[in-house]
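Heads up, the thing below is written out as structure tokens.
Just so it is clear, the structure is predicted and the values come from calculations on it, not from any experiment. The chains referred to below are lettered A, B, ... by the order of the sequence lines, with proteins before strands, and numbering in each begins at 1.
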There are 2 protein chains.
Amino acid sequence: MTGTRVAVAGTFGPLHDGHRNLLRTALKYGDEGLIVGLTSDAFAQASRTREVPPFERRRDELAAALADLDEWGRTVEIRQLTDEHGIVSDEPGVDALVVSPETAPELAAINDGRREQGFEPIEGIVAPYVLAEDGERISSTRIVRGEIDEHGRVRD
Amino acid sequence: MTGTRVAVAGTFGPLHDGHRNLLRTALKYGDEGLIVGLTSDAFAQASRTREVPPFERRRDELAAALADLDEWGRTVEIRQLTDEHGIVSDEPGVDALVVSPETAPELAAINDGRREQGFEPIEGIVAPYVLAEDGERISSTRIVRGEIDEHGRVRD
């Protein structure tokens, strides 16, 4: 028991093994529960040219993946996220944010923002990348492009 | 219980509240034990112009700080470190490395090295900086320079 309440956030669509590793890491460390931020359609689409599956579909697949990966019986709450740093900037009761290596450098700015609001800074938990069969990392963009499937297998 | 064996490494001299926060984070998450890497005098001195306290003194102060901070009764092993990435590159049985924000970017290279040796990649746990009274972060270099004390109080 470490007494840790974690947050994790993303667009999670199409859901792939990199997301599953991030979610599994959040479940493992979140022995006091986890908050999963899921981007709204407007927020998810604003930073992308590729099409993103609709919120309800992403939410259902996310909930199914969390249920499937949860070996520990964690308390999980999925929240719609409409802007960057949504949960971590307005939730004093979060201890750690689970991130991918590419998001890790944002932790310093997140903690500066928390200190300004009088919140305790949080720990970052960096889940390693999951590599596809070709040695490059798995990403939703690569799946949408048709290069690999959700498990990182190269498509013919 | 998350089943996590953690590693943390440093020179830890002079020991300060930033180190204590790093060690406390390692103790909190290391419910399956922790390995604390402590740099040898030669390795510590190689990258510094300032004088570093001798190994035995650093080891004794480190052990005392760990005993003082351990609320959980963790199993702790202190190991002498003679090169960079010492523990994490030759220890398959470590799940996570506790790092400061400045060391977090090294996690990707550490995991590339682990994959090459056939080891599982590890998670990174990033402990936030501890700020001194003047809003800058606490560091051993600033203490040796006489700017602040080990708790970040500004010296007159």
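No more than 12 heavy atoms of other residues, nucleotides or ligands shown are found within 6.0 angstrom of CD on A:E120. In B:E51, the CD atom is not crowded: 12 or fewer heavy atoms of neighbouring residues, nucleotides or ligands sit closer than 6.0 Å. Heavy-atom neighbours of B:R57 CZ from other residues, nucleotides or ligands within 6.0 Å: at or below the threshold of 12.
Proximity to chain B (any heavy atom under 4.5 Å) is restricted, for A:I122, to the backbone atoms N, CA, C and O. Both the backbone and the side chain of B:I125 come within contact range of chain A, each with at least one heavy atom under 4.5 Å from a heavy atom of that chain. Looking at B:L97, neither its backbone nor its side chain comes within 4.5 Å of chain A, counting heavy atoms on both sides.
Linking Ile, Leu, Val, Met, Phe, Trp and Tyr whenever their side-chain heavy atoms come within less than 4.5 Å leaves B:F119 and B:L34 in two separate clusters. Cluster membership for B:V76 and B:L62, using ILVMFWY side-chain heavy atoms within less than 4.5 angstrom, is shared.
Taking both residues in full, the closest heavy atoms of A:P128 and B:N111 are given as CB-ND2, 3.6 Å, listed atom of the first, atom of the second, then distance.
The residue among A:T25, A:L107, A:T4 with the most heavy atom pairs within less than 4.5 Å of chain B is A:T4.
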Take A:E123 and B:V98 through the test side chain to side chain contact (heavy atoms under 4.5 Å, CB included) and record every step on the way to the result. CA-CA 10 Å; A:E123 286 131 21; B:V98 178; over 6 Å; no
